[in-house]
Amino acid sequence: MEFLFENPFILIAVIAFISSFFKKRKEEKPVKQAPRSVQQENRAQAERTSADPALAEVLKEEKRKLTEKSRRIEEDYRQLKQQAEQSVKALQSQQRAAERKASAISRTAANSKTGYPVEASGAGKFEQQKQSLVDGIIWSEILGPPRSKNPHRSLNRKR
């Protein structure tokens, strides 16, 4: 017996054996019930309802109400779907009409263009615009407020 306690390898093996033995025993204890199938549920419900005829009538009434409600919901859905399809068709026809109008307008605009004089090179036009820009700046200085109203202060005076 002392030999078992003195040798660590044998001690570890004995402890592992004992723990696995209790672990297996623990796993075997819980027995789980298998889930019931839909048919079994229906049978159980039928047995319960056959015992109480008043309860069966109530269940039949509830089922009838639910089916009626589902029919109403389906009918409402069909009506709303039909209205949506009609509005989509109307919008598509309006879009096609607008596209036809736009193409007709663009064709008439292309046919009735008055030939504006176009220069062969854009450089001359830019030079004319540049000169008119310079003239505009000069005239704004001439016609603007006098310099005495807004004089420049020198940096030396600020210090």
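Quick caveat, the model's predicted, so the values are computed rather than measured.
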Name each donor-acceptor pair under 3.5 Å that joins a side chain in residues 69-79 to protein atoms two or more places apart or in another chain, with its distance.
from, atom 1, to, atom 2, distance (Å)
Ser70, OG, Leu66, O, 3.4
Ser70, OG, Thr67, O, 2.7
Arg71, NH1, Glu68, OE1, 3.4
Glu75, OE1, Arg78, NH1, 3.2

message = Do Asn7 and Leu11 have side chains that approach each other closer than 4.5 Å (heavy atoms only, starting at C-beta)?
response = no
Taking only distance into account, with no hydrogens and no angle test, what donor-acceptor pairs under 3.5 Å do side-chain atoms of residues 83-92 form with protein atoms, sequence neighbours excluded?
from, atom 1, to, atom 2, distance (Å)
Ser87, OG, Gln83, O, 3.4
Ser87, OG, Ala84, O, 2.8

task = Among Ile, Leu, Val, Met, Phe, Trp and Tyr joined by side-chain contacts under 4.5 Å, find the other residues sharing a cluster with Ile138 and list them by chain and number.
result = Val134, Trp139, Ile142, Leu143
ask   = From Asp135 CG over to Ser140 OG, what is the distance, rounded to the nearest 0.5 angstrom?
value = 11.0 Å
message = Working to the nearest 0.5 angstrom, can you tell me the gap between Lys23 NZ and Ser20 OG?
response = 9.0 Å
task = Could you pull out all residues at least two apart from Arg100 that satisfy side-chain hydrogen bond (donor to acceptor under 3.5 Å, both in side chains)?
result = none
request  = Report whether Ile18 and Ile10 are members of the same hydrophobic cluster (ILVMFWY, side-chain heavy atoms less than 4.5 Å apart, transitive linking).
outcome  = yes
message = List the residues meeting side chain to side chain contact (heavy atoms under 4.5 Å, CB included) with Pro145, not counting sequence neighbours, and say none if there are none.
response = none
task = Applying side chain to side chain contact (heavy atoms under 4.5 Å, CB included), name anything that partners Gln95, two or more places apart in sequence or on another chain.
result = Glu99
